[in-house]
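Quick notes on the structure that follows.
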Protein chains: 2
Amino acid sequence: MAGKRSRVGIVDVARRAGVSVGTVSKALNGRGQLRAETRDRVRVAAQELGFVPSAVAASLHSGRTYTVGLIMTDHHGRFSLPILHGAEDALGWDETLAFVCDTRDDPIRERHYVRSLARRRVDGIIVAGRRTEPRPPLAGEVTVPVVYAFARSAEPADCSVVVDEEGGAVLAVRHLLRTGRRRIAHVTGPHGHASVRARVDGTVRALREAGVELVGEPWYGGWSEVWGRFAAAALVREHPEVDAIFCGSDAIGRGVADGLRDSGRRVPEDIALVGVDNWLPTAEGCRPSLTSVDLDLQRVGRTAGALLLEAIQRGRTEPGTHTVPCRLVVRASSAPRQ
Amino acid sequence: MAGKRSRVGIVDVARRAGVSVGTVSKALNGRGQLRAETRDRVRVAAQELGFVPSAVAASLHSGRTYTVGLIMTDHHGRFSLPILHGAEDALGWDETLAFVCDTRDDPIRERHYVRSLARRRVDGIIVAGRRTEPRPPLAGEVTVPVVYAFARSAEPADCSVVVDEEGGAVLAVRHLLRTGRRRIAHVTGPHGHASVRARVDGTVRALREAGVELVGEPWYGGWSEVWGRFAAAALVREHPEVDAIFCGSDAIGRGVADGLRDSGRRVPEDIALVGVDNWLPTAEGCRPSLTSVDLDLQRVGRTAGALLLEAIQRGRTEPGTHTVPCRLVVRASSAPRQ
DNA sequence: TCGTCCTTTGTGAACGCTAACAAGAGGTTC
DNA sequence: GAACCTCTTGTTAGCGTTCACAAAGGACGA
């Protein structure tokens, strides 16, 4: 029904309300001093004409676009999506919208997107990394604030928001100790992986605090269920006394649960289990449902969004790494000993 | 290093290259007739100054922003993400970027985002629905082309891109028939669900073509593994002769696999299994790995993006529903009978 | 030597807003 | 009644591009 004319603009509203364009602008943006009656008249005229002010024209004038770029490198999005949601929550307060760019971990694509975002004059950029080593800072001359989420920037002066992975491990192990377990093992992902290291450190620290030793060495492997099944079988053979296993991911945890059942051990009666990710399909599909450390990525995103907004306002990022705590979600796999 | 000055604009480049702004515009956009030497001089000047042209100024003039809105309603993103990726692929050809808006299935949020996108003068909107009934068309006066992806619009004159769910079922059942199975049952999601209906129809049609009857009625339930486990146990009790089960989702399929194992049936030796979604963590974590119908949502997204681009160019969407086929990904759970 | 045409470059008016400033109306104060 | 407020509203110059058109300069034929 829009009519054939190009689009209703502020001058149309002005004409209809019998005022000048400046007055319309003031009335609609609630700025300046205006008689209430005039303001209403303008509002009514705008309403009747279906006037939708152009943010692009406003941006051209103000220099702010109220848009940000959200670069994600995690193709299947298990990690990026909650970050996106959190960021959206924070940005919503400022009526800011996000351009989402999936780089597919390709530096060429990344450069391309950064250029594209710069041309669009985004007010800032959030880089949502994968769980991995610190990532190189954004390539190219970026003149707007950048906040790194989940994977910190290799440059310490950049602003990064990360998960307290070590603290998450501490949470998990303390929980297992509280349920009365003492012979705790750790099955986790690839050796050398940054978050694997952090979790091992947290595990050892929490155990040491309680005067307990880890059963055997950490079992390094992959992130898959297959690895979990395999590790579980080997683990109970090598350390039959084990009564709890902290697993580096829910997938591993689920594999371990299946492997233990195959080996004739009951979860949680004989062996308690805790995973990491709190990824519902896996944690809740597990038999029994899997207690898990939630990385609270949505909060990571929310924090990143809030920091970015702040940085945009002051023109510069608050440098440094901000750490967000994990939460433990308790399910059947770690029920206390009867 | 950008310097304290506001930003380098086209006039700075013009001054440096010793030409007028019009000439710079022509040189950088490759329009009009220019001496090659001039063009190069401008390019060099722009390069040296680190000039990044403002897309917002260009948009103001041209009326096109080369941005689209991508509204997703599927909070956990299992379906939206592949659609987003596909759309990105298509839009990339036009240097178009997408604003991603998660409505969380809340009409208030949806209206809010639509207004926000309108103010930003996006060139078009993609609405990525969840697998469910047709959804009501976008509320509010939308003056740009809209393409609905995955969940079609309830308004048939709108442009929708959907998956051929019935065809996917046909694919699955034909595959099971080809592996020598004849006593095929169907365990699926909630009764009344549109895609559940479509799959039942496809299943019955493919069986009928082969002169075979479905074993029992379809088993309607939920989408979860728990339901799959339960249904498997009941199914083999009621129909011990069953030699294949087509499952309405990978989660159901995985539950069925576990349930069958618990009931002492072997997969695929005794009973073959096919799921839907080809959701890697579930399908590959399954024991044995699960043959699955891939909805090819990335292709849905790509098609939607391409249709939107086309619509933007011609100013109007091509009305009607476009259907994209599914693919079958064969894994261990449907190995032919020895 | 002039007119014509072609090629290359410059000029200035949009695009749709915002905000600084100007201006007009009416009221107080001395 | 002049000077000075205050309260409203109008005017207009940007914001950073693009593009239609004008203009300038050469080449060329008559």
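When reading the values below, keep in mind they use all heavy atoms of this one structure, side chains included, and skip hydrogens, waters and symmetry mates. Chain letters run A, B, ... following the sequence lines, proteins first and then strands; every chain starts at 1.
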Side-chain N or O of [X] less than 4.0 angstrom from OP1 or OP2 on [N]?
| X | N | value |
| --- | --- | --- |
| A:Thr38 | D:dT9 | yes |
| A:Ser25 | C:dT18 | yes |
| B:Ser54 | D:dG16 | no |
| A:Arg7 | C:dG16 | no |
| A:Arg35 | D:dT9 | yes |
| B:Ser20 | C:dG10 | yes |

Can you check the [X] [atom1] to [N] [atom2] distance for me, whole Å?
| X | N | atom1 | atom2 | value |
| --- | --- | --- | --- | --- |
| A:Arg31 | C:dA20 | CZ | C1' | 13 Å |
| A:Leu34 | D:dT9 | CG | P | 5 Å |
| B:Ile10 | D:dG14 | CD1 | P | 18 Å |
| B:Arg15 | C:dT11 | CZ | P | 14 Å |
| B:Arg39 | C:dT7 | CZ | P | 14 Å |
| A:Leu60 | D:dG14 | CG | P | 14 Å |
| B:Arg120 | C:dC15 | CZ | P | 23 Å |
| A:Asp40 | D:dT8 | CG | P | 13 Å |

Student check: side-chain heavy atoms of [X] and [Y] closer than 4.5 Å:
| X | Y | value |
| --- | --- | --- |
| A:Asp158 | A:Thr317 | no |
| A:Arg121 | B:Val52 | yes |
| B:Cys101 | B:Leu117 | yes |
| B:Glu110 | B:Arg135 | yes |

* **First of A:Lys26 and B:Val56 reached from the 5' end of DNA chain D, by closest nucleotide** => A:Lys26

Give [X] one of three labels, base, sugar-phosphate or nothing, depending on what nucleic acid heavy atoms sit under 4.0 Å from its own.
| X | result |
| --- | --- |
| A:Ser59 | nothing |
| B:Val19 | sugar-phosphate |
| B:Ser62 | nothing |

Which nucleotide in [options] has an atom nearest any side-chain atom of [X]:
| X | options | result |
| --- | --- | --- |
| B:Ala58 | C:dC17, D:dT17, C:dT8 | D:dT17 |
| A:Phe51 | C:dC17, D:dT8, C:dT7 | C:dC17 |
| A:Thr23 | D:dG10, C:dC17, D:dC7 | D:dG10 |

* Asked: Would B:Arg64 count as a cation-pi partner of B:Tyr66, with NZ or CZ less than 6.0 Å from the six-membered ring centre and within 45° of the ring normal?
  -> yes

* **Working for salt bridge (Lys or Arg N to Asp or Glu O under 4.0 Å), residues B:Arg7 and B:Asp12** => CA-CA 9 Å; B:Arg7 220 187 210 290; B:Asp12 304 292; over 6 Å; no

* Any donor-acceptor pair under 3.5 Å joining the side chain of B:His61 to the base of D:dT17? -> no

* Of B:Arg41 and B:Arg121, whose nearest nucleotide on DNA chain C comes first from the 5' end? -> B:Arg41

* 5'-most by nearest nucleotide on DNA chain C - A:Val21 or B:Gln33 -> B:Gln33

